[in-house]
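Written below as structure tokens is the structure these notes are about.
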Amino acid sequence: MTIQELAPLASAFYDDQPTLEVARALIGRTLARRVAAGLVAGIIVETEAYIGAVDPSAHGYRGQTARNGAMFGPAGRAYVYFTYGMHHCLNVTTEPQGAAGAVLIRALEPTHGLELMRERRGSGLSTRNLCRGPGRLCQALAVTLADNGADLRGPALWIAETPDSACAFSIATSPRIGISQATDWLWRFYVPGNRYVSGRPWR
DNA sequence: CTTGAGATGTTCT
DNA sequence: GAACATCTCAAGA
């Protein structure tokens, strides 16, 4: 597996389709991270869409603030926020400049740098739990507020076609996790049956 | 495997 | 003060 095979997706991927289509299209692509010690990456298996203009559960629905500013910027950037006093969450911005949109990356199937992930997450951790959940994958990939606003075609954090993605997979939808408004909208996308998808049974 | 509860700090009302 | 796009641990089945 070479770096060449993990070339970043073009900006048109983010600019030329609406948020819900980006959320669906991100399933099966690879999120990659370059740190000093090497390459860390995984296949995106779960996403959620948030559209500020119409979505009461989206950051940005009640206007722009210092925290959610990246959602209002250009598409194809990182929007990182800190929540629950402990965890970071990574989003891909969508929609044109001035409109708030983002896709939350909720889970990865780890493919590269599993030992580097364990250094950050815990040495005895099962592969299944390295990136299963938005807070967990940020810790595994060392994503922090320092990445907020970064272009997702950059040298340190980017999204690419998945090499050898010949195997077929399907995409299912469901209500989003952990929100209290618009709870019946099917704006969560995931690979059904994949072990690395997050969420508790009753949700 | 499942379930319940506590942690922790920023943001907004 | 309350809410929050969550996680970990411990105990039960």
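Chain letters run A, B, ... following the sequence lines, proteins first and then strands; every chain starts at 1.
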(message) Using a heavy-atom cut-off of 4.0 Å across all strands, would you classify Leu104(A) as base, sugar-phosphate, or nothing?
(response) base
(message) Apply salt bridge (charged side-chain N to carboxylate O under 4.0 Å, His left out) to residues Arg24(A) and Glu21(A) and explain how you reach the verdict.
(response) CA-CA 5 Å; Arg24(A) 178 180 288 274; Glu21(A) 291 306 313; 5.0 Å; no
(request) Give the rounded distance in Å between these two atoms: OH of Tyr61(A) and P of dA3(C). (result) 19 Å
(request) Nearest whole angstrom, please: distance from the C1' of dT10(B) to the CZ of Arg67(A). (result) 7 Å
(request) Give a yes or no on whether a salt bridge exists between Arg33(A) and Asp147(A), defined as a side-chain N under 4.0 angstrom from a carboxylate O. (result) yes
(message) Does a side-chain N or O of His87(A) approach OP1 or OP2 of dT8(B) to a distance below 4.0 Å, or not?
(response) no
(request) Report the distance from atom CD of Glu46(A) to atom C1' of dA5(C), rounded to the nearest whole Å. (result) 11 Å
(message) Please list, in numerical order, the residues of residues 118-135 of chain A that have a heavy atom closer than 4.0 Å to any atom of DNA chain C.
(response) Arg121(A), Gly133(A), Pro134(A), Gly135(A)
(message) Please confirm whether the shortest side-chain N or O distance from Arg136(A) to OP1 or OP2 of dT8(C) is below 4.0 Å.
(response) yes
(request) Can you tell me the distance, in whole Å, between the NE2 atom of His88(A) and the P atom of dT8(B)? (result) 15 Å
(message) So if I take every side-chain heavy atom of Met86(A) and compare against dA5(C), dG9(B), dA7(B), which nucleotide ends up nearest?
(response) dA7(B)
(message) On the side chain of Tyr84(A), is there an atom forming a donor-acceptor pair with the base of dA5(C) - under 3.5 Å, no angle test?
(response) no
(message) So does Arg153(A) get a backbone contact from the side chain of Asp151(A), meaning a donor-acceptor N/O pair under 3.5 Å?
(response) yes
(message) What is the distance, to the nearest angstrom, from the CZ atom on Phe82(A) to the P atom on dC12(B)?
(response) 15 Å
(request) Any chance you could measure His112(A), atom NE2, to Ile43(A), atom CD1, to the nearest 0.5 Å? (result) 9.0 Å
(request) For the pair Thr93(A) (side chain) and Gly76(A) (backbone), establish whether a donor and an acceptor sit closer than 3.5 Å, ignoring hydrogens and angles. (result) yes
(request) Report the hydrophobic cluster partners of Met86(A), with the cluster defined as I, L, V, M, F, W, Y residues connected by side-chain heavy atoms closer than 4.5 angstrom, directly or transitively. (result) none
(message) Tell me if the aromatic rings of Tyr81(A) and His59(A) count as close, with their centers under 6.0 Å from one another.
(response) yes
(message) Donor-acceptor check, side chain of Arg188(A) to backbone of Thr47(A), threshold 3.5 angstrom: yes or no?
(response) no
(message) Taking Arg106(A) first and then Glu48(A), would you say they form a salt bridge - that is, a charged N and a carboxylate O separated by under 4.0 Å?
(response) yes
(request) With pairs defined as Watson-Crick or G-U wobble and both distances under 3.5 angstrom, please note down DNA chain C as a dot-bracket string, | for pairing with another strand. (result) ||||.|||||||.
(request) Select one nucleotide: of dT6(C), dT13(B), dT11(B), the one nearest the side-chain heavy atoms of Arg62(A). (result) dT13(B)
(message) With a 4.0 Å limit, can you tell me whether Ser180(A) has a side-chain N or O closer than that to the phosphate oxygens OP1/OP2 of dA3(C)?
(response) no
(request) Quickly work out the His59(A) NE2 to dC4(C) C1' distance and round it to whole Å. (result) 8 Å
(request) Using a cut-off of strictly less than 4.0 Å, decide whether Thr65(A) has a side-chain nitrogen or oxygen near OP1 or OP2 of dC12(B). (result) yes
(request) Starting from P on dT6(C), measure out to CD1 on Ile105(A) and report it in whole angstrom. (result) 14 Å
(request) Check the distance between dC4(C)'s C1' and Ile177(A)'s CD1 and give it to me in whole angstrom. (result) 15 Å
(message) I want to verify a distance call: between dC7(C), dC4(C), dA5(C), whose nearest atom is closest to the Tyr81(A) side chain?
(response) dA5(C)
(message) Check whether Tyr79(A) forms a cation-pi arrangement with Arg77(A) (NZ or CZ under 6.0 Å from the six-membered ring centre, at most 45° off the ring normal).
(response) no
